[in-house]
2 protein chains.
Amino acid sequence: MTNATTKKRPRKPVRTAKQRRSKETVEVILESATRILSDHGWAALNTNAIAKRAGVSVGSVYEYFPNKHAIIDIILDRHLAQGEALINHGASVISDNPSAEAVVQILVAGFVGIHSDDPKLHRALSSDVPLNGAQQNRVDAVRAKIINLTSAALSTHVKDPKTKATLLVDAADALTHRWLVDEVGVPVSAEVLSNELENMLRLYVLTA
Amino acid sequence: MTNATTKKRPRKPVRTAKQRRSKETVEVILESATRILSDHGWAALNTNAIAKRAGVSVGSVYEYFPNKHAIIDIILDRHLAQGEALINHGASVISDNPSAEAVVQILVAGFVGIHSDDPKLHRALSSDVPLNGAQQNRVDAVRAKIINLTSAALSTHVKDPKTKATLLVDAADALTHRWLVDEVGVPVSAEVLSNELENMLRLYVLTA
DNA sequence: CTATATATTGAATAAATACTCAGATATTTC
DNA sequence: GAAATATCTGAGTATTTATTCAATATATAG
């Protein structure tokens with residue numbers, strides 16, 4: 001028309017929240033998505049449901065997130081950050097007492113912690129949500145970091161620390177996950193099993 | 001109309017294949033679905049794709065399967081049957097040589113087998129396809145059976161065989177799965193790790 | 001051969017849901 | 001307080017995909 005000043009908003013804005021109001025909106029969207037994921041799993045996580053539970057409109061969701069997976073990105077990042085905090089804490093404890101027993105004890109305690117905080121969310125993120133390549137890489141990187149730290153801590157105690165570290169870390173992770181997070185009928189209590197796991201791993205590093 | 005003899009086919013037939021032709025159709029549909037699942041995962045498994053790859057029309061799929069999940073049912077059943085065959089074989093070997101070492105050896109070898117046959121399919125079925133309650137129960141039942149057999153085999157050797165059996169079975173399953181099936185960058189070869197796992201488990205049952 | 005049961009087809013339907021956009025409303029800036 | 005910027009709305013669009021069904025073809029029985 002004659003109106004030459006028509007403002008063309010870019011097709012897909014995806015703004016960064018500037019004002020307090022919008023920052024709250026972003027948070028409320030993330031919380032909503034996290035709860036849906038935790039309570040009802042990936043299958044129930046659709047953008048309309050996220051908006052509804054957050055008490056905002058779908059449009060707002062797409063104002064701050066280019067697509068659904070970008071929401072997962074943030075949720076995953078925050079979850080991994082918690083895990084990394086536990087790792088860093090563990091690393092500092094080990095540097096004070098670098099015995100093989102301590103490594104095992106910290107590892108098991110750390111993974112119990114990771115799997116106890118929000119088990120449902122952890123389950124959703126680790127075996128329900130289909131992670132894309134980049135997301136899987138981030139998860140793998142955390143795992144690699146734990147293995148490397150463990151390997152370094154073991155290097156003065158055992159031969160072939162890389163192999164031992166891989167086994168220790170994967171065993172602690174996989175078994176605490178299965179007993180604390182998966183809802184399989186475990187015939188023995190998770191606590192007993194965690195202790196037993198620690199015994200087994202200790203025996204393994206001390207003997208080998 | 002005046003035609004009182006109009007045949008009303010039931011709304012949803014879901015026939016059982018009677019003739020050779022249709023039995024082949026059923027098989028070809030199952031093979032198609034299995035390949036798609038194995039090669040491209042759950043996300044790529046839709047009924048139209050199944051029909052296309054099978055070289056039949058979608059209608060034929062629904063002639064023999066009430067819905068998509070019923071196809072998974074059969075694929076899962078067949079996969080679990082293979083696992084149970086390995087279990088039964090293991091149980092018979094153990095009955096010949098009921099030593100604790102043999103139990104560990106058979107367990108690790110068995111899970112390596114389960115995870116080596118068609119790793120991609122196993123991965124899809126165990127962590128990609130969203131199993132419904134009944135399907136998950138069937139999987140859990142197989143796990144329980146393995147634990148019970150292991151527990152029985154250990155009962156003359158160790159104290160608290162149930163706990164030990166749970167740990168052995170879950171460790172063998174989870175770790176072979178991670179190393180053979182998941183595509184995480186394992187810093188050590190799967191073979192080395194399987195051996196090491198067997199060493200660790202042997203040490204554990206023999207010492208405890 | 002004809003009738004009847006069995007098998008196959010694939011376009012059409014229906015439902016779910018990711019994502020858009022044009023038009024409000026609110027906040028900040030000057 | 002008016003213009004500019006930021007935020008919000010939610011009905012509407014587009015796409016995907018599970019499922020149906022009326023028409024058609026093949027096999028078997030009498």
Side-chain angles (χ1 to χ4, degrees), chain A residues 1 3-30 32-33 36-37 40-73 129-130 132, chain B residues 1 3-30 32-33 36-37 40-73 129-130 132:
Chain A
M1 302 290 278
N3 183 0
T5 60
T6 307
K7 303 287 164 41
K8 297 175 196 164
R9 254 201 336 196
R11 281 253 144 200
K12 188 185 277 189
V14 183
R15 301 166 179 278
T16 347
K18 308 246 172 190
Q19 308 178 350
R20 179 168 3 181
R21 180 166 59 130
S22 53
K23 282 178 183 165
E24 280 171 14
T25 298
V26 168
E27 282 311 311
V28 110
I29 289 168
L30 287 169
S32 163
I36 292 173
L37 209 48
H40 307 287
W42 168 252
L45 191 79
N46 62 268
T47 51
N48 296 295
I50 294 170
K52 192 170 190 179
R53 199 189 213 290
V56 301
S57 80
V58 231
S60 285
V61 173
Y62 283 92
E63 200 74 24
Y64 301 106
F65 299 94
N67 52 54
K68 200 170 91 166
H69 245 78
I71 301 175
I72 295 291
D73 258 352
V129 174
N132 64 31
Chain B
M1 303 292 279
N3 184 359
T5 59
T6 307
K7 302 287 165 40
K8 298 174 194 164
R9 250 205 332 201
R11 279 256 145 197
K12 188 185 277 189
V14 183
R15 301 166 179 276
T16 349
K18 307 249 172 189
Q19 307 177 350
R20 177 166 4 172
R21 181 165 59 131
S22 54
K23 282 178 183 165
E24 278 172 15
T25 298
V26 168
E27 282 311 311
V28 109
I29 288 168
L30 286 170
S32 162
I36 291 173
L37 210 48
H40 307 287
W42 170 251
L45 192 78
N46 62 270
T47 51
N48 295 295
I50 293 170
K52 191 170 188 178
R53 199 189 213 291
V56 301
S57 81
V58 234
S60 285
V61 173
Y62 282 91
E63 200 72 24
Y64 301 106
F65 298 95
N67 53 52
K68 199 170 92 169
H69 244 77
I71 301 175
I72 295 291
D73 259 353
V129 175
N132 65 29

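All values derive from a computational prediction rather than experimental measurement. Residue numbering restarts at 1 for every chain, and letters A, B, ... go by the order of the sequence lines.
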Starting from [atom2] on [N], measure out to [atom1] on [X] and report it in whole angstrom.
X     : N      : atom1 : atom2 : result
B/E24 : D/dT26 : CD    : P     : 16 Å
A/F65 : D/dT7  : CZ    : P     : 13 Å
B/I71 : D/dT17 : CD1   : P     : 15 Å
B/N67 : C/dA15 : CG    : C1'   : 15 Å
A/E63 : D/dT5  : CD    : P     : 16 Å
B/K18 : C/dT6  : NZ    : P     : 6 Å
A/E27 : D/dT7  : CD    : P     : 14 Å
B/H69 : D/dT19 : NE2   : P     : 11 Å

**Item:** Side-chain touch B/N132/B/I72, heavy atoms, less than 4.5 angstrom
**Value:** no
What's the separation between atom [atom1] in [X] and atom [atom2] in [Y], rounded to the nearest 0.5 Å?
X     : Y     : atom1 : atom2 : answer
B/I29 : B/I50 : CD1   : CD1   : 8.5 Å
B/Y64 : B/E27 : OH    : CD    : 12.5 Å
B/I36 : B/N46 : CD1   : CG    : 7.0 Å

**Item:** Residue met sooner reading DNA chain D from 5', once A/K23 and B/R21 are mapped to nucleotides
**Value:** A/K23
**Request:** Check every atom of D/dC8, C/dA7, D/dT19 against the side chain of A/S22 and return the nucleotide holding the closest atom.
**Result:** D/dC8
**Prompt:** If you check every side-chain atom of A/Q19, which of D/dG10, D/dT7, D/dA27 has the closest atom?
**Reply:** D/dT7
**Item:** Contact residues, residues 45-56 of chain A to DNA chain C [heavy atom, < 4.0 Å]
**Value:** A/N46, A/T47, A/N48
Does a nitrogen or oxygen in the side chain of [X] sit under 4.0 Å from OP1 or OP2 of [N]?
X     : N      : result
B/Y62 : D/dT19 : yes
A/S60 : D/dT7  : no
A/S57 : D/dG10 : no
A/T25 : D/dC8  : yes

**Item:** Donor-acceptor contact present, side-chain B/N48 to main-chain B/A51, <3.5 Å
**Value:** no
**Request:** Tell me, please, which residues at least two apart from B/R53 pass salt bridge (charged side-chain N to carboxylate O under 4.0 Å, His left out).
**Result:** B/D39
**Prompt:** ring pair (Phe, Tyr, Trp, His ring centres under 6.0 Å) with A/H69: which residues, sequence neighbours excluded?
**Reply:** A/W42
**Prompt:** If you find the nucleotide of DNA chain C closest to A/K68 and the one closest to B/T16, which residue's nucleotide is nearer the 5' end?
**Reply:** B/T16
